[in-house]
Novice: 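Can you read through this structure? Questions will come right after.
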Amino acid sequence: MKFSMIFEAQMADPTPEHERQVLHDCVEQAVFAEEMGFDRIWAVEHHALKWYAHMSASEIFLTWVAARTSRIRIGHGVVTMPFGYQHPVRVAERAAMLDVLSGGRVDIGSGRGATRQEMSMYGVRPEDTRPQMEEALRIFASAWREERFEWHGSLDIGPGAILPRPVQAPHPPLFMACSKDESLRLAAELGIGALVLGFAGADNIRHLRAIYDDAIAGRSGERLVSTEVNDHFSALCPTIVLDDAERARRIGMRGQRYFAESIAHWYGDGPVPDQRPDAGDDAAALERGRERLVAKLHEAEIPVTPSDTGTYNADHAYGSAEDAIAYVEELRRIGVDEVMCLVQMGTVPQEACMETIRQWGEKVIPHFRAAGDE
(Lines give C-alpha, C1' and ligand atoms only; values in the text may rest on other atoms or scores of the structure.)
Protein backbone atom coordinates (compact mmCIF):
# COMPACT_ATOMS: atom_id res chain seq x y z
CA MET A 1 0.00 0.00 0.00
CA LYS A 2 1.21 3.48 -0.94
CA PHE A 3 0.59 6.74 0.91
CA SER A 4 0.18 10.15 -0.66
CA MET A 5 -1.17 13.65 -0.05
CA ILE A 6 -3.33 15.81 -2.28
CA PHE A 7 -3.24 19.62 -2.39
CA GLU A 8 -6.08 21.94 -3.39
CA ALA A 9 -4.66 25.18 -1.94
CA GLN A 10 -8.07 25.70 -0.38
CA MET A 11 -8.64 28.59 1.97
CA ALA A 12 -11.09 30.60 3.97
CA ASP A 13 -10.55 34.37 3.88
CA PRO A 14 -8.92 34.29 0.42
CA THR A 15 -7.16 37.65 0.49
CA PRO A 16 -4.05 37.95 -1.71
CA GLU A 17 -1.87 37.87 1.42
CA HIS A 18 -3.52 34.72 2.78
CA GLU A 19 -3.45 33.10 -0.65
CA ARG A 20 0.33 33.57 -0.84
CA GLN A 21 0.77 32.13 2.64
CA VAL A 22 -1.36 29.06 1.90
CA LEU A 23 0.57 28.26 -1.28
CA HIS A 24 3.86 28.42 0.63
CA ASP A 25 2.29 26.35 3.43
CA CYS A 26 1.37 23.67 0.87
CA VAL A 27 4.99 23.54 -0.33
CA GLU A 28 6.17 23.17 3.28
CA GLN A 29 3.72 20.31 3.81
CA ALA A 30 4.77 18.54 0.59
CA VAL A 31 8.48 18.73 1.44
CA PHE A 32 7.77 17.46 4.96
CA ALA A 33 5.71 14.60 3.48
CA GLU A 34 8.85 13.25 1.82
CA GLU A 35 10.75 13.43 5.11
CA MET A 36 7.90 11.56 6.83
CA GLY A 37 7.90 8.68 4.35
CA PHE A 38 4.98 9.49 2.04
CA ASP A 39 5.29 8.02 -1.45
CA ARG A 40 3.65 10.71 -3.54
CA ILE A 41 2.02 14.13 -3.62
CA TRP A 42 -0.83 15.10 -5.92
CA ALA A 43 -1.80 18.64 -6.93
CA VAL A 44 -5.17 19.49 -8.47
CA GLU A 45 -5.82 21.92 -11.31
CA HIS A 46 -8.83 24.19 -10.94
CA HIS A 47 -9.59 27.63 -12.33
CA ALA A 48 -11.45 30.58 -10.78
CA LEU A 49 -12.96 28.47 -7.97
CA LYS A 50 -12.45 30.96 -5.16
CA TRP A 51 -12.58 29.35 -1.70
CA TYR A 52 -12.51 25.81 -3.13
CA ALA A 53 -9.13 25.56 -4.94
CA HIS A 54 -6.49 28.16 -5.75
CA MET A 55 -4.16 25.59 -7.41
CA SER A 56 -4.51 26.94 -10.96
CA ALA A 57 -0.96 26.21 -12.19
CA SER A 58 -0.11 22.88 -10.59
CA GLU A 59 2.80 22.31 -12.97
CA ILE A 60 4.57 25.26 -11.31
CA PHE A 61 3.74 24.05 -7.80
CA LEU A 62 4.94 20.51 -8.58
CA THR A 63 8.17 21.79 -10.14
CA TRP A 64 8.84 23.91 -7.05
CA VAL A 65 8.30 20.86 -4.82
CA ALA A 66 10.38 18.59 -7.07
CA ALA A 67 13.31 20.99 -6.79
CA ARG A 68 13.20 20.74 -2.98
CA THR A 69 12.82 16.95 -2.78
CA SER A 70 14.64 13.91 -4.12
CA ARG A 71 12.46 10.82 -3.71
CA ILE A 72 8.73 11.53 -3.45
CA ARG A 73 6.68 11.11 -6.62
CA ILE A 74 5.14 14.21 -8.19
CA GLY A 75 1.57 13.76 -9.40
CA HIS A 76 -0.83 15.85 -11.44
CA GLY A 77 -4.11 15.02 -9.78
CA VAL A 78 -5.31 16.16 -12.29
CA VAL A 79 -4.57 18.07 -15.50
CA THR A 80 -7.70 19.52 -17.10
CA MET A 81 -7.60 17.79 -20.49
CA PRO A 82 -10.24 19.45 -22.75
CA PHE A 83 -8.41 21.32 -25.47
CA GLY A 84 -9.72 24.75 -24.53
CA TYR A 85 -7.74 24.58 -21.29
CA GLN A 86 -4.46 23.56 -22.90
CA HIS A 87 -3.17 21.82 -25.99
CA PRO A 88 -2.26 18.14 -25.37
CA VAL A 89 1.19 18.57 -26.92
CA ARG A 90 1.96 21.38 -24.48
CA VAL A 91 0.93 19.19 -21.55
CA ALA A 92 3.11 16.35 -22.87
CA GLU A 93 6.12 18.66 -23.23
CA ARG A 94 5.71 20.13 -19.74
CA ALA A 95 5.28 16.71 -18.15
CA ALA A 96 8.32 15.29 -19.93
CA MET A 97 10.45 18.26 -18.86
CA LEU A 98 9.41 17.79 -15.25
CA ASP A 99 10.02 14.04 -15.51
CA VAL A 100 13.58 14.71 -16.66
CA LEU A 101 14.34 17.35 -14.03
CA SER A 102 12.79 15.30 -11.20
CA GLY A 103 14.61 12.11 -12.17
CA GLY A 104 11.57 10.23 -13.43
CA ARG A 105 9.06 10.97 -10.65
CA VAL A 106 6.04 12.30 -12.57
CA ASP A 107 2.49 10.87 -12.69
CA ILE A 108 -0.24 12.33 -14.91
CA GLY A 109 -3.90 12.29 -13.90
CA SER A 110 -6.60 13.42 -16.30
CA GLY A 111 -9.77 15.36 -15.58
CA ARG A 112 -12.58 17.17 -17.34
CA GLY A 113 -12.65 20.54 -15.53
CA ALA A 114 -16.40 20.46 -15.93
CA THR A 115 -17.71 23.13 -13.55
CA ARG A 116 -19.67 25.88 -15.27
CA GLN A 117 -17.29 28.44 -13.78
CA GLU A 118 -14.16 26.81 -15.20
CA MET A 119 -15.65 26.09 -18.60
CA SER A 120 -16.82 29.70 -18.89
CA MET A 121 -13.28 30.96 -18.23
CA TYR A 122 -11.84 28.97 -21.14
CA GLY A 123 -14.74 28.67 -23.57
CA VAL A 124 -15.04 24.92 -23.07
CA ARG A 125 -18.33 23.23 -23.99
CA PRO A 126 -19.70 20.60 -21.57
CA GLU A 127 -20.32 18.07 -24.35
CA ASP A 128 -16.63 18.22 -25.37
CA THR A 129 -15.12 17.48 -21.97
CA ARG A 130 -15.33 13.67 -21.91
CA PRO A 131 -14.36 12.87 -25.54
CA GLN A 132 -11.54 15.42 -25.52
CA MET A 133 -10.18 14.06 -22.23
CA GLU A 134 -10.01 10.56 -23.72
CA GLU A 135 -8.45 11.81 -26.95
CA ALA A 136 -5.83 13.76 -25.00
CA LEU A 137 -4.87 10.59 -23.12
CA ARG A 138 -4.42 8.76 -26.40
CA ILE A 139 -2.35 11.62 -27.78
CA PHE A 140 -0.04 11.52 -24.73
CA ALA A 141 0.47 7.78 -24.92
CA SER A 142 1.31 7.94 -28.62
CA ALA A 143 3.41 11.09 -28.50
CA TRP A 144 5.70 9.80 -25.77
CA ARG A 145 6.13 6.35 -27.34
CA GLU A 146 7.06 7.57 -30.82
CA GLU A 147 10.20 9.50 -31.75
CA ARG A 148 8.35 11.18 -34.63
CA PHE A 149 4.70 11.70 -33.84
CA GLU A 150 1.57 12.76 -35.70
CA TRP A 151 -2.12 12.63 -34.85
CA HIS A 152 -5.21 13.10 -36.97
CA GLY A 153 -8.41 13.11 -34.95
CA SER A 154 -10.41 16.11 -33.83
CA LEU A 155 -6.95 17.75 -33.73
CA ASP A 156 -4.35 17.55 -36.50
CA ILE A 157 -0.87 17.40 -34.99
CA GLY A 158 2.58 17.05 -36.54
CA PRO A 159 4.49 15.27 -37.72
CA GLY A 160 7.09 16.26 -35.15
CA ALA A 161 8.82 15.26 -31.95
CA ILE A 162 7.84 15.75 -28.32
CA LEU A 163 11.01 17.09 -26.70
CA PRO A 164 12.46 16.35 -24.26
CA ARG A 165 11.72 12.65 -23.95
CA PRO A 166 10.49 11.56 -20.49
CA VAL A 167 12.77 9.48 -18.27
CA GLN A 168 10.03 6.92 -17.59
CA ALA A 169 9.60 4.62 -20.57
CA PRO A 170 7.45 4.52 -22.51
CA HIS A 171 5.78 7.36 -20.58
CA PRO A 172 4.81 8.48 -17.04
CA PRO A 173 1.93 6.49 -15.48
CA LEU A 174 -1.55 7.70 -16.45
CA PHE A 175 -4.50 8.15 -14.07
CA MET A 176 -8.02 9.57 -14.14
CA ALA A 177 -10.19 11.31 -11.55
CA CYS A 178 -13.21 9.07 -10.80
CA SER A 179 -16.26 10.06 -8.78
CA LYS A 180 -18.99 7.84 -10.21
CA ASP A 181 -19.43 4.25 -11.36
CA GLU A 182 -19.25 5.14 -15.06
CA SER A 183 -15.94 6.97 -14.67
CA LEU A 184 -14.47 3.92 -12.89
CA ARG A 185 -15.55 1.72 -15.77
CA LEU A 186 -14.03 4.13 -18.28
CA ALA A 187 -10.69 4.25 -16.43
CA ALA A 188 -10.58 0.44 -16.37
CA GLU A 189 -11.43 0.16 -20.07
CA LEU A 190 -8.74 2.71 -20.94
CA GLY A 191 -6.18 0.90 -18.76
CA ILE A 192 -5.38 3.84 -16.51
CA GLY A 193 -5.26 4.27 -12.74
CA ALA A 194 -8.27 5.50 -10.76
CA LEU A 195 -8.14 8.48 -8.39
CA VAL A 196 -11.28 7.98 -6.34
CA LEU A 197 -13.06 10.44 -4.07
CA GLY A 198 -13.39 8.83 -0.65
CA PHE A 199 -15.67 11.24 1.18
CA ALA A 200 -18.56 8.78 1.15
CA GLY A 201 -16.59 6.39 3.38
CA ALA A 202 -15.24 2.87 3.30
CA ASP A 203 -18.45 1.17 2.15
CA ASN A 204 -18.60 3.34 -0.95
CA ILE A 205 -14.91 2.78 -1.65
CA ARG A 206 -15.56 -0.98 -1.43
CA HIS A 207 -18.34 -0.57 -4.01
CA LEU A 208 -16.11 1.48 -6.33
CA ARG A 209 -13.25 -1.02 -6.01
CA ALA A 210 -15.63 -3.79 -7.10
CA ILE A 211 -16.81 -1.73 -10.08
CA TYR A 212 -13.20 -1.12 -11.14
CA ASP A 213 -12.17 -4.76 -10.72
CA ASP A 214 -15.21 -6.03 -12.64
CA ALA A 215 -14.49 -3.65 -15.50
CA ILE A 216 -10.83 -4.71 -15.59
CA ALA A 217 -11.84 -8.38 -15.66
CA GLY A 218 -14.33 -7.80 -18.45
CA ARG A 219 -12.39 -5.46 -20.74
CA SER A 220 -11.48 -6.62 -24.22
CA GLY A 221 -8.39 -4.44 -24.54
CA GLU A 222 -9.74 -2.60 -27.58
CA ARG A 223 -10.02 0.74 -25.76
CA LEU A 224 -6.65 0.71 -23.96
CA VAL A 225 -4.92 4.05 -24.50
CA SER A 226 -1.40 2.62 -24.24
CA THR A 227 0.65 -0.54 -24.32
CA GLU A 228 1.47 0.34 -20.69
CA VAL A 229 -1.54 -0.60 -18.52
CA ASN A 230 -1.91 0.95 -15.05
CA ASP A 231 -4.57 -0.70 -12.84
CA HIS A 232 -3.79 1.35 -9.71
CA PHE A 233 -6.65 2.26 -7.34
CA SER A 234 -6.08 5.32 -5.14
CA ALA A 235 -8.74 6.43 -2.62
CA LEU A 236 -9.09 9.80 -0.92
CA CYS A 237 -8.77 9.74 2.88
CA PRO A 238 -9.70 12.97 4.73
CA THR A 239 -7.61 13.02 7.89
CA ILE A 240 -6.48 15.09 10.85
CA VAL A 241 -4.42 13.25 13.49
CA LEU A 242 -3.23 14.83 16.74
CA ASP A 243 -2.33 13.67 20.24
CA ASP A 244 -5.59 15.31 21.32
CA ALA A 245 -7.99 13.06 19.40
CA GLU A 246 -11.09 15.13 20.18
CA ARG A 247 -9.42 18.32 18.94
CA ALA A 248 -8.39 16.46 15.77
CA ARG A 249 -11.98 15.44 15.16
CA ARG A 250 -13.21 19.00 15.68
CA ILE A 251 -10.61 20.44 13.30
CA GLY A 252 -11.21 17.69 10.76
CA MET A 253 -14.98 18.03 10.71
CA ARG A 254 -14.71 21.83 10.51
CA GLY A 255 -12.35 21.49 7.54
CA GLN A 256 -14.59 18.93 5.87
CA ARG A 257 -17.65 21.12 6.37
CA TYR A 258 -15.83 23.99 4.67
CA PHE A 259 -14.75 21.63 1.86
CA ALA A 260 -18.33 20.39 1.42
CA GLU A 261 -19.77 23.90 1.38
CA SER A 262 -17.16 24.98 -1.19
CA ILE A 263 -18.07 22.06 -3.45
CA ALA A 264 -21.77 22.83 -3.02
CA HIS A 265 -21.12 26.44 -4.00
CA TRP A 266 -19.36 25.70 -7.29
CA TYR A 267 -20.94 22.39 -8.24
CA GLY A 268 -24.48 22.91 -6.92
CA ASP A 269 -25.23 26.66 -6.70
CA GLY A 270 -24.95 26.70 -2.91
CA PRO A 271 -24.06 29.81 -0.91
CA VAL A 272 -20.52 31.01 -0.26
CA PRO A 273 -19.00 28.71 2.39
CA ASP A 274 -19.08 29.80 6.02
CA GLN A 275 -15.56 31.09 6.64
CA ARG A 276 -15.69 31.45 10.42
CA PRO A 277 -13.01 29.37 12.22
CA ASP A 278 -15.66 28.20 14.69
CA ALA A 279 -19.05 27.92 12.99
CA GLY A 280 -20.87 25.86 15.60
CA ASP A 281 -21.76 22.18 15.47
CA ASP A 282 -19.99 20.97 12.34
CA ALA A 283 -21.27 17.40 12.61
CA ALA A 284 -24.85 18.67 12.71
CA ALA A 285 -24.14 21.07 9.84
CA LEU A 286 -22.76 18.22 7.73
CA GLU A 287 -25.89 16.19 8.42
CA ARG A 288 -28.13 19.15 7.50
CA GLY A 289 -26.16 19.60 4.29
CA ARG A 290 -26.65 15.95 3.43
CA GLU A 291 -30.41 16.19 4.07
CA ARG A 292 -30.73 19.32 1.90
CA LEU A 293 -28.87 17.66 -0.96
CA VAL A 294 -30.94 14.49 -0.75
CA ALA A 295 -34.15 16.56 -0.82
CA LYS A 296 -32.88 18.54 -3.82
CA LEU A 297 -31.99 15.39 -5.75
CA HIS A 298 -35.32 13.78 -4.94
CA GLU A 299 -37.13 16.91 -6.09
CA ALA A 300 -35.28 16.72 -9.40
CA GLU A 301 -36.04 12.96 -9.62
CA ILE A 302 -32.32 12.13 -9.53
CA PRO A 303 -31.45 8.86 -7.76
CA VAL A 304 -29.29 9.49 -4.68
CA THR A 305 -25.94 7.67 -4.55
CA PRO A 306 -23.32 7.62 -1.78
CA SER A 307 -20.96 9.68 -3.93
CA ASP A 308 -23.58 12.44 -4.25
CA THR A 309 -23.79 12.92 -0.48
CA GLY A 310 -20.28 11.72 0.33
CA THR A 311 -18.76 15.06 1.27
CA TYR A 312 -21.15 15.17 4.24
CA ASN A 313 -20.02 11.85 5.76
CA ALA A 314 -17.73 12.57 8.74
CA ASP A 315 -16.58 8.98 9.36
CA HIS A 316 -12.94 9.30 8.34
CA ALA A 317 -9.40 9.18 9.76
CA TYR A 318 -9.96 11.93 12.32
CA GLY A 319 -8.61 11.53 15.85
CA SER A 320 -5.56 9.71 17.15
CA ALA A 321 -2.99 7.72 15.18
CA GLU A 322 -4.77 4.58 16.36
CA ASP A 323 -8.02 5.89 14.86
CA ALA A 324 -6.27 6.52 11.54
CA ILE A 325 -4.67 3.07 11.57
CA ALA A 326 -8.07 1.44 12.15
CA TYR A 327 -9.59 3.33 9.20
CA VAL A 328 -6.68 2.54 6.88
CA GLU A 329 -6.85 -1.12 7.91
CA GLU A 330 -10.37 -1.14 6.50
CA LEU A 331 -9.15 0.45 3.27
CA ARG A 332 -6.40 -2.16 3.07
CA ARG A 333 -8.93 -4.99 3.40
CA ILE A 334 -10.98 -3.42 0.60
CA GLY A 335 -7.93 -3.56 -1.67
CA VAL A 336 -6.99 0.10 -1.91
CA ASP A 337 -3.55 0.42 -3.53
CA GLU A 338 -2.93 3.96 -2.33
CA VAL A 339 -4.31 6.04 0.53
CA MET A 340 -4.49 9.64 -0.67
CA CYS A 341 -4.57 11.85 2.43
CA LEU A 342 -6.56 15.07 2.31
CA VAL A 343 -5.13 17.18 5.12
CA GLN A 344 -5.05 20.68 3.64
CA MET A 345 -8.67 21.83 3.97
CA GLY A 346 -9.68 25.49 4.04
CA THR A 347 -10.05 26.04 7.78
CA VAL A 348 -7.34 23.66 9.03
CA PRO A 349 -4.41 25.60 10.56
CA GLN A 350 -0.91 24.94 9.30
CA GLU A 351 0.29 23.57 12.63
CA ALA A 352 -2.47 20.92 12.57
CA CYS A 353 -1.54 19.99 8.98
CA MET A 354 2.14 19.60 9.88
CA GLU A 355 1.38 17.62 13.04
CA THR A 356 -0.93 15.31 11.08
CA ILE A 357 1.83 14.65 8.55
CA ARG A 358 4.24 13.92 11.41
CA GLN A 359 1.80 11.52 13.10
CA TRP A 360 1.23 9.63 9.85
CA GLY A 361 4.98 9.49 9.20
CA GLU A 362 5.94 8.33 12.69
CA LYS A 363 2.99 6.07 13.55
CA VAL A 364 0.53 5.29 10.76
CA ILE A 365 2.75 4.59 7.74
CA PRO A 366 5.29 2.51 9.75
CA HIS A 367 2.43 0.30 10.99
CA PHE A 368 1.65 -0.74 7.42
CA ARG A 369 5.28 -0.91 6.31
CA ALA A 370 5.90 -3.34 9.17
CA ALA A 371 2.97 -5.41 7.92
CA GLY A 372 4.65 -5.70 4.52
CA ASP A 373 2.59 -3.09 2.66
CA GLU A 374 5.44 -1.58 0.66
Side-chain angles (χ1 to χ4, degrees), residues 1-7 30 33-34 38-45 58-59 61-63 65-66 69-81 86 88-89 91-112 133-146 149 162 164-178 183-197 208-209 212-213 215-216 219 221 223-236 335-341 373-374:
M1 184 182 286
K2 302 297 184 183
F3 296 90
S4 62
M5 290 183 61
I6 186 165
F7 292 93
E34 176 174 87
F38 282 81
D39 300 291
R40 180 169 14 226
I41 63 159
W42 296 98
V44 306
E45 180 190 330
S58 50
E59 69 278 6
F61 173 81
L62 292 170
T63 301
V65 172
T69 57
S70 61
R71 175 194 57 79
I72 200 165
R73 292 193 65 82
I74 307 296
H76 282 278
V78 298
V79 179
T80 52
M81 296 296 192
Q86 48 216 329
V89 169
V91 178
E93 290 173 334
R94 288 200 314 252
M97 180 68 78
L98 181 53
D99 202 50
V100 171
L101 294 178
S102 68
R105 292 189 276 152
V106 171
D107 299 290
I108 302 293
S110 61
R112 295 165 58 198
M133 179 185 72
E134 181 175 339
E135 187 173 1
L137 284 164
R138 296 187 184 282
I139 290 170
F140 296 155
S142 298
W144 283 323
R145 287 200 313 267
E146 301 169 13
F149 164 76
I162 302 298
R165 310 297 292 172
V167 171
Q168 298 175 91
H171 53 71
L174 300 175
F175 295 81
M176 192 176 97
C178 300
S183 56
L184 261 296
R185 294 189 185 98
L186 177 61
E189 289 174 5
L190 299 181
I192 60 179
L195 305 177
V196 175
L197 294 180
L208 295 173
R209 175 82 234 196
Y212 191 56
D213 288 343
I216 289 170
R219 70 187 171 202
R223 296 192 67 191
L224 294 177
V225 299
S226 174
T227 55
E228 198 74 13
V229 175
N230 177 28
D231 292 334
H232 184 93
F233 185 91
S234 176
L236 191 74
V336 168
D337 298 312
E338 178 179 337
V339 177
M340 185 166 49
C341 294
D373 289 331
E374 296 296 339

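Worth saying up front: this structure is predicted, and the values here are computed from it rather than measured.
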Novice: What's the spacing between Thr63 OG1 and Leu101 CG if we round to 0.5 Å?
Specialist: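 CG of Leu101 is found 7.5 Å from OG1 of Thr63.
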Novice: Does any non-hydrogen side-chain atom of Val196 lie less than 4.5 Å from one of Met340?
Specialist: no
Novice: Just verifying a value: how many Å separate Arg165 CZ and Glu93 CD, rounded to the nearest 0.5 Å?
Specialist: 11.0 Å
Novice: Between Arg145 and Thr227, does a side-chain contact (heavy atoms from CB on, under 4.5 Å) hold up when you go through it step by step?
Specialist: CA-CA 9 Å; Arg145 287 200 313 267; Thr227 55; 3.6 Å; yes
Novice: If you define the side chain from C-beta out and look only at heavy atoms, does anything of Glu59 sit under 4.5 Å from Val91?
Specialist: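 Of all side-chain heavy-atom pairs linking Val91 with Glu59, none is under 4.5 Å.
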Novice: Which atoms form the tightest heavy-atom contact between Arg223 and Glu189, and what is the distance?
Specialist: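 Minimum heavy-atom contact is NH1-OE1, 2.7 Å.
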Novice: Do the non-hydrogen side-chain atoms of Met133 and Leu186 ever get within less than 4.5 Å of each other?
Specialist: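 They are in contact (side-chain heavy atoms under 4.5 Å apart), so the answer is yes.
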Novice: What are the two closest heavy atoms between Tyr212 and Ile192, and how far apart are they?
Specialist: OH-O, 2.9 Å
Novice: Let me confirm one number: the CE-CZ distance from Met176 to Arg112, rounded to the nearest 0.5 Å.
Specialist: 9.0 Å
Novice: Taking the side chain as C-beta and beyond, is there a heavy-atom pair between Met1 and Glu338 under 4.5 Å?
Specialist: no
Novice: Compare every heavy atom of Val78 with every heavy atom of Gly109, then report the nearest pair and how far apart it is.
Specialist: O-CB, 3.3 Å
Novice: Say you draw a straight line from OG of Ser226 to CG of Leu137; how long is it, rounded to the nearest 0.5 Å?
Specialist: 10.0 Å
Novice: Decide side chain to side chain donor-acceptor pair (under 3.5 Å) for Arg105 and Gln168; before the verdict, give the C-alpha distance in whole Å, the side-chain angles of both, and the deciding distance to 0.1 Å.
Specialist: CA-CA 8 Å; Arg105 292 189 276 152; Gln168 298 175 91; over 6 Å; no
Novice: Report yes if the side chains of Asp337 and Lys2 come closer than 4.5 Å at any heavy-atom pair, otherwise no.
Specialist: no
Novice: Below 30° counts as parallel, above 60° as perpendicular, anything between as tilted: where do the rings of Trp42 and Phe175 land?
Specialist: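 Ring orientation, 0 to 90° scale: perpendicular.
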Novice: Applying side-chain contact (heavy atoms from CB on, under 4.5 Å), name anything that partners Leu197, two or more places apart in sequence or on another chain.
Specialist: Ser179, Leu236
Novice: Output, in order, the C-alpha distance, side-chain angles, deciding distance and verdict of side-chain contact (heavy atoms from CB on, under 4.5 Å) for Asp107 and Ile74.
Specialist: CA-CA 6 Å; Asp107 299 290; Ile74 307 296; over 6 Å; no
Novice: Can you tell me how far CG of Leu62 sits from OG1 of Thr69, rounded to the nearest 0.5 angstrom?
Specialist: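 So the gap between those two atoms works out to 10.0 Å.
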Novice: Does Ala215 offer a backbone N or O that forms a donor-acceptor pair with the side chain of Arg219 under 3.5 Å?
Specialist: no
Novice: Could you grab the distance from atom OG of Ser110 to atom CD of Glu134, nearest 0.5 Å is fine?
Specialist: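 Output value for this atom pair is 9.5 Å.
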Novice: Could you walk me through whether Ile6 and Ile41 satisfy the side-chain contact (heavy atoms from CB on, under 4.5 Å) test, starting with their C-alpha distance in whole Å, then the side-chain angles of each, then the deciding distance to 0.1 Å, before giving a yes or no?
Specialist: CA-CA 6 Å; Ile6 186 165; Ile41 63 159; over 6 Å; no
Novice: List for me each residue that meets salt bridge (Lys or Arg N to Asp or Glu O under 4.0 Å) alongside Asp99, sequence neighbours excluded, and say none if there are none.
Specialist: none
Novice: If we only count heavy atoms from C-beta on, is the Met81 to Ile139 side-chain gap below 4.5 Å?
Specialist: no
Novice: Between Pro164 and Ala96, what is the shortest heavy-atom contact and its length?
Specialist: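 Nearest pair, atom of Pro164 first, then Ala96: O-CB, 3.2 Å.
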Novice: Can Phe61 and Val44 be said to form a side-chain contact (heavy atoms from CB on, under 4.5 Å), step by step?
Specialist: CA-CA 10 Å; Phe61 173 81; Val44 306; over 6 Å; no
Novice: Which heavy-atom pair separates Leu195 from Gly77 by the least distance, and what is that distance?
Specialist: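 Nearest pair, atom of Leu195 first, then Gly77: CD1-CA, 4.2 Å.
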Novice: Counting C-beta onward and ignoring hydrogens, is there a side-chain heavy-atom pair between Asp213 and Phe233 closer than 4.5 Å?
Specialist: no
Novice: How close do Asn230 and Leu174 get, heavy atom to heavy atom, and via which atoms?
Specialist: ND2-O, 2.9 Å
Novice: Give a yes or no answer on whether the side chain of Glu45 reaches the backbone of Val79 with a donor-acceptor pair at less than 3.5 Å.
Specialist: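 No, because the side chain of Glu45 does not come within donor-acceptor range (under 3.5 Å) of the backbone of Val79.
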Novice: Report yes if the side chains of Asp39 and Ile72 come closer than 4.5 Å at any heavy-atom pair, otherwise no.
Specialist: no
Novice: Can the positive tip of Arg40 be found less than 6.0 Å from the middle of the six-membered ring of Phe3, inside 45° of the ring normal?
Specialist: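 Judged by the rule (NZ or CZ under 6.0 Å from the ring centre, within 45° of its axis), Arg40 is not positioned above Phe3.
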